[in-house]
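Single-structure report; data block below.
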There are 2 protein chains.
Amino acid sequence: MPTSTVENYLKAILVRSTGDEAVVATGALAEALGVTPGTITTMVKSMASRGLLEHQPREGVRLTPEGRTLAMAVVRKHRLVETFLVQVLHMDWKEVHEEAEALEHAISDRVLLRIDAILGYPVADPHGDPIPSRKSHLLERGKGVTLATCEALKPFRVERILDQSPVFLEFIQRTGLKPGARVRVRDRDPASGVVRCDLKDSEATLGLPEAAKIEVKAV
Amino acid sequence: MPTSTVENYLKAILVRSTGDEAVVATGALAEALGVTPGTITTMVKSMASRGLLEHQPREGVRLTPEGRTLAMAVVRKHRLVETFLVQVLHMDWKEVHEEAEALEHAISDRVLLRIDAILGYPVADPHGDPIPSRKSHLLERGKGVTLATCEALKPFRVERILDQSPVFLEFIQRTGLKPGARVRVRDRDPASGVVRCDLKDSEATLGLPEAAKIEVKAV
DNA sequence: ATTTTGTCTTTGACGACTCAAAGAGATTAT
DNA sequence: ATAATCTCTTTGAGTCGTCAAAGACAAAAT
């Protein structure tokens, strides 16, 4: 039974391990977890000795199958809890991320199953992030189509919000760019870095980096 | 913000501090928390220096008003969570104690308020234990009327189960002696230590120490 | 009054997690 | 090629919660 610290390390590595190599730099982890680089080195060594990951000094870190499975379970818990807090406890979707951050380490599999059942086995959380199934070993990555890259003037639907920070979610809330919303890019100006979108009966203006955090799908 | 260990110490002291003096022996805590006496001494000293309790060496320990308030909040969380797990998640009431044991340290006040509201501000958990209100500073003690002491042949109602251990709850479940059940003591034999009770359409036989763990109220 | 017994405290140590600061490797710039 | 820079690792130290074992105290027994 990993401690909640180890669970957080696993989760941070998993959501950052992209593509084939799936190697994550220790510096990125230090940044993400808010600890000093030395702390990461120490923890990573101990996790490696427990078989949760492989550590190539000065290269980075890669989850073993076991570490990956554990990490997936944590992500699953987190996203199911988020969904539960919104759907059943009617909490504000801007608040639930941090609540789930604590709860994900305290909830047993038994309770999680009940939650899953009550929610009707959802496949995505309120931010549009996919909820891994119980046996899944793959974390679906974003397809890469976002408001920063999608074709202009064609209709899309917001699929997923790739940034959980309160300020950004507050903006999403304000503009109505939540998962499920219909959206069309009116124009995109690389020079000024501004994207203008039309929604059902409103419009939104945002910067390119922010647009890249809103994944969309053709509709 | 106390750690979950400190919260457990506070809770253990609170539920054991009876009557006026409200002094708890450190040995009782060691027993209850499953740690060695030396550990209790160490923790108790650090909690005393934080103003959560007073420690009379070789006498015992007494919560300060601050410690008491904190402890009440933990008990409140525990019992609300238990109630939630049974009523909303439809979990078996025999399982919820240990689940709540973990969850009580991870749930924010915000979430707790939602839970409280959804449950309709209950005043007792599934075992009949009173749920302290948000500002309450008193932990209601058992009135002392139990199946071991109540008048025979008169009708009573089960009010509260004073033992949360799985084996005992399993017995309660089996016999139907759950809070709310109507019960009448047919006879009590001090020589053999046996109490026989009638329920709605069944009967139950139990030992005197066990009968003392079932609080009842005249009806 | 002295010994025994039971309970509580002290001491030294350890594992998990963390930091600050110094050191080592690798990459980029000059 | 050498220096500068950036990133990562090492080292020494600290906190929290824990244990085992040795010591101190007080109440009960003789």
Side-chain angles (χ1 to χ4, degrees), chain A residues 1-14 16-18 21-63 66-67 70-71 74 101-102 104-106, chain B residues 1-14 16-18 21-63 66-67 70-71 74 101-102 104-106:
Chain A
M1 21 261 50
T3 64
S4 66
T5 305
V6 168
E7 288 188 344
N8 280 334
Y9 277 67
L10 288 172
K11 193 174 53 155
I13 296 167
L14 178 65
R16 275 166 191 77
S17 54
T18 54
E21 277 312 311
V23 164
V24 179
T26 57
L29 292 179
E31 167 84 35
L33 293 166
V35 297
T36 60
T39 301
I40 295 290
T41 303
T42 309
M43 278 300 288
V44 139
K45 280 204 283 194
S46 106
M47 288 170 72
S49 79
R50 282 210 251 168
L52 300 176
L53 49 78
E54 287 155 27
H55 181 208
Q56 246 66 51
R58 273 161 227 283
E59 281 289 312
V61 125
R62 181 179 23 229
L63 292 178
E66 185 191 346
L70 251 25
V74 178
E101 208 61 42
E104 69 191 359
H105 308 298
Chain B
M1 20 268 43
T3 65
S4 67
T5 304
V6 168
E7 288 189 344
N8 280 334
Y9 277 67
L10 288 172
K11 193 175 53 153
I13 295 167
L14 178 65
R16 274 166 192 76
S17 54
T18 53
E21 276 313 309
V23 164
V24 180
T26 58
L29 292 178
E31 166 85 36
L33 293 165
V35 298
T36 60
T39 301
I40 295 290
T41 302
T42 309
M43 279 300 287
V44 140
K45 279 204 283 194
S46 105
M47 288 170 72
S49 79
R50 282 210 250 168
L52 300 176
L53 49 78
E54 287 155 27
H55 181 208
Q56 247 65 53
R58 277 164 222 283
E59 280 290 312
V61 124
R62 181 180 24 228
L63 293 178
E66 184 190 347
L70 251 26
V74 178
E101 209 61 42
E104 69 190 359
H105 308 298

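Letters A, B, ... are given to chains in the order of the sequence lines, protein chains preceding strands, and every chain is numbered from 1. Remember, it's a predicted structure, so these values are computed and weren't measured experimentally.
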For this session: Mind listing the closest non-hydrogen atom pair of A106(B) and A106(A) along with its distance?
Result: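 Minimum heavy-atom contact is CB-CB, 3.6 Å.
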
For this session: Work out which heavy atom in G60(A) is nearest to a heavy atom in V23(A); give both atom names and the distance.
Result: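 Scanning both residues completely, I find the closest heavy atoms to be CA-CG1, 3.8 Å.
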
For this session: Any chance you could list the contact pattern along nucleotides 10-17 of chain D? Use B for base contacts, S for sugar-phosphate-only contacts and - for none, protein heavy atoms under 4.0 Å, 5' to 3'.
Result: B------S

Problem set entry | Check against side chain to side chain contact (heavy atoms under 4.5 Å, CB included), E104(B) and N8(B) | CA-CA 10 Å; E104(B) 69 190 359; N8(B) 280 334; 3.5 Å; yes

Exercise. Got a sec, which residues hit side-chain hydrogen bond (donor to acceptor under 3.5 Å, both in side chains) with T41(A), two or more places apart in sequence or on another chain?
Worked result: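 T41(A) satisfies side-chain hydrogen bond (donor to acceptor under 3.5 Å, both in side chains) with no residue once adjacent residues are dropped.
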
Problem set entry | Partner residues of T36(B) under the side-chain hydrogen bond (donor to acceptor under 3.5 Å, both in side chains) criterion, sequence neighbours left out | T39(B)

Exercise. Could you give the CE-to-C1' distance, from M1(A) to dG15(C), as a whole number of Å?
Worked result: 17 Å

Exercise. Roughly how many Å is it from CD1 in I40(B) to P in dC8(C), rounded to a whole number?
Worked result: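 After rounding, the reported distance stands at 10 Å.
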
Can you tell if the side chain of [X] reaches within under 4.5 Å of the side chain of [Y], non-hydrogen atoms only?
X: E59(A); Y: E54(A); result: no
X: M1(B); Y: V6(B); result: no
X: E7(B); Y: L70(B); result: no

Atom [atom1] in [X], atom [atom2] in [Y]: separation rounded to 0.5 Å?
X: I13(B); Y: L33(B); atom1: CD1; atom2: CG; answer: 8.0 Å
X: L53(A); Y: E66(A); atom1: CG; atom2: CD; answer: 10.0 Å
X: K45(A); Y: R50(A); atom1: NZ; atom2: CZ; answer: 15.5 Å
X: S4(A); Y: E101(A); atom1: OG; atom2: CD; answer: 10.0 Å

Exercise. For the helix from dA1(C)-dT30(D) to dT30(C)-dA1(D), how many degrees between its two end axes (five pairs per end), to the nearest 10°?
Worked result: 20°

For this session: Name every residue in residues 25-32 of chain B that has at least one heavy atom under 4.0 Å from any atom of DNA chain C, in order of residue number, or write none if there are no such residues.
Result: A25(B), T26(B), G27(B)

Exercise. Any donor-acceptor pair under 3.5 Å linking the side chain of S46(A) with the backbone of T42(A)?
Worked result: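 Side chain of S46(A) to backbone of T42(A): no pair is present.
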
For this session: Could you identify which residues of residues 52-60 of chain A place a heavy atom less than 4.0 Å from some atom of DNA chain D, listed by residue number, or say none?
Result: H55(A), P57(A), R58(A)

